[in-house]
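A short worksheet on the structure shown next.
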Amino acid sequence: MGTADTLRAVETVWRIESARLIAGLARLTRDLSLAEELAQEALEAALRQWPSDGVPRNPGAWLMAAGKRRAIDGFRRSRIIDEKHRALAGEADPVDASVEDGIVEAIDDDIGDELLALIFTACHPVLSTEARVALTLKLIGGLSTGEIASAFLTSEPTIAQRIVRAKRTLAGADVRYEVRRGAERDARLSSVLEVLYLIFSEGYAPATEDAWTRPALCEEAMRLARILAGLAPNDAEVHGLLALMELQASRLPTRIGRDGSPVLLLDQDRARWDRVLIQHGLKALAVAERLRSPAGPYTLQASIAACHARALTPEATEWEEIAARYDDLYRAMPSPVIDLNRAVAKAMAFGPAVGLALVDGILADGALDGYHLAYSVRADFLSKLGRAGEARDSWLKGAALARSDRERTLMEERAATLA
Amino acid sequence: MRVMVIMKASAETEAGVMPSERLLTEMTAFNEELVKAGLLLAGEGLHPSSKGARVKFEGTKTSVLNGPFAETKELIAGFWLLQVKSMDEAIEWIRRVPNTDGAHHEIEIRRVFDAEDFGEALTPELREREEAMRAQGGDYGQERG
């Protein structure tokens, strides 16, 4: 194997094996950085040996064994083995002969749980959201710092530093690699879901100016969510989030027109929506709905996305169903922006007058009265109702609040057509 | 990216010989690994070509040819649709396909056309136009939901 081939092989095997490897070794060593180093060493050993011996049938098990051996060697050398063993065996008296057995047993049981514990650790609440995202992509996604940096359009040193700092924070906070139960588990899981959805959204509708969609990031988020769904099969919202991402991603191919301009949902070529993802998404949604009633916020959003996915034409959209799901969503997660979207859905289902009454109520509450989109939604309802003058005023009010010149110009132009 | 992994037919698959229980068990375990890794989008095994048909096109004319077909090696016995990061990753996984029956198989990996990254096509100017268009309909302007 040439150097270039070897490097490519490292990268590929790393991507496939690293998460489970690091997860197992992290529980053994209780040290994330050390676990990552050991995993890397195991991988290097593999790449020295495999070209001559051939790739073993189960490369994951081979790597885990190599990683364990190195961990045990390290423990011997550093004479902290007793302490580690006590930590592992829960204060049992260390007996030399059984020490290694204990360590080996400790990482031979449920690897799935290990991986889940690693995901929970990477998304630990002591970390900033940015740090959680970077650490998740690095440790569970197996992405390099360079790849993460380019995905988030930032520099490699920035990401590298963020990851180092995050690991230090985790070490300082004495985070334990285990899956908690009950309320704490739910809280940690929702942090994980938030991170995955952030990664997805960054690919679906990037916050930065110079990129439109990044399907690879969406794919990575979906892959991570599928892994999570396998590890936490009874958590409804995991399936709900997976469904939401798959249903949204099914529309990725149609979001941009041939000339590069964005295409809104109701104008998209539905024949080009990704049927494979729609099928997956609907299946995941069914699982989520079966597991929990009433449905959680991700599941509800997925059920709204499913209404669009099921409609073969825009006219076939079941707006009443969507409006009902928005009612549920607003109850589960009251926010003025959801309320605004609910108003749009109600207007589609029951006419612009209903939408107008709702949006006026929202504006009267004051939460969105500085939000330009609230006025453009209102203007749209008014113009549909033939109240051109008021619609014009609302467009202008929105224009005054717009965040960019272009946005302002466009809203002013719309106002002008009603003059 | 997506790849379609094509398991080529062999004399055995064309004869309708079912794999041994051991191979089936290992194949199931392999598929489970693909699922656990979040990669498997679809995968099916195909009946022998004797149960298939071909529709041939010549200009505007079509004709139907029933199986079985010759040139066994060119036939397909099954497929997986995988979501992977690279062709290398696909190859690394496919090397792990169990083959305990010791048969000579060939598996082909082909890249599926993807919705390409529009990063370069969409200029900041167009993005701002889109932002403005969102104004027309809340969520539906954002193309969410």
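Letters A, B, ... are given to chains in the order of the sequence lines, protein chains preceding strands, and every chain is numbered from 1.
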**OP:** Mind running side-chain contact (heavy atoms from CB on, under 4.5 Å) on Lys36(B) and Ile227(A) for me, showing each step along the way?
**Re:** CA-CA 5 Å; Lys36(B) 275 192 225 156; Ile227(A) 293 173; over 6 Å; no

Subject >> Heavy-atom contacts under 4.5 Å, residues 69-88 of chain B to chain A >> reply: Leu81(B), Gln83(B), Val84(B), Lys85(B), Asp88(B)

**OP:** Heavy-atom pairs under 4.5 Å with chain B are the metric here; pick the option from Arg408(A), Met222(A), Arg325(A), Glu147(A) that has the most.
**Re:** Glu147(A)

**OP:** Give the member of Gly398(A), Pro59(A), Ala379(A) that has the highest number of heavy-atom pairs under 4.5 Å with chain B.
**Re:** Pro59(A)

**OP:** Check each atom of Glu246(A) against the heavy atoms of chain B and say whether the ones under 4.5 Å are side chain, backbone, both or neither.
**Re:** neither

Subject >> Glu413(A) versus chain B, the contacting section by heavy-atom distance below 4.5 Å >> reply: neither

Original post:
Side chains of Leu39(B) and Glu219(A): does their closest heavy-atom pair fall under 4.5 Å?
Top reply: no

Subject >> Within-4.5 Å side-chain heavy-atom neighbours: His280(A) and Leu41(B) >> reply: yes

Original post:
Is the number of heavy atoms from other residues, nucleotides or ligands under 6.0 Å of Glu108(B) CD greater than 12?
Top reply: yes

**OP:** Give the C-alpha distance, both sets of side-chain angles, the deciding distance and a yes or no for side-chain contact (heavy atoms from CB on, under 4.5 Å) between Val276(A) and Arg2(B).
**Re:** CA-CA 11 Å; Val276(A) 171; Arg2(B) 284 180 193 177; 4.1 Å; yes

Original post:
Are any of the side-chain nitrogens in Arg223(A) or Glu89(B) under 4.0 Å away from the carboxylate oxygens of its partner?
Top reply: no

Subject >> Ile16(A) CD1 to Arg96(B) CZ distance, which is reported to the nearest 0.5 Å >> reply: 4.5 Å

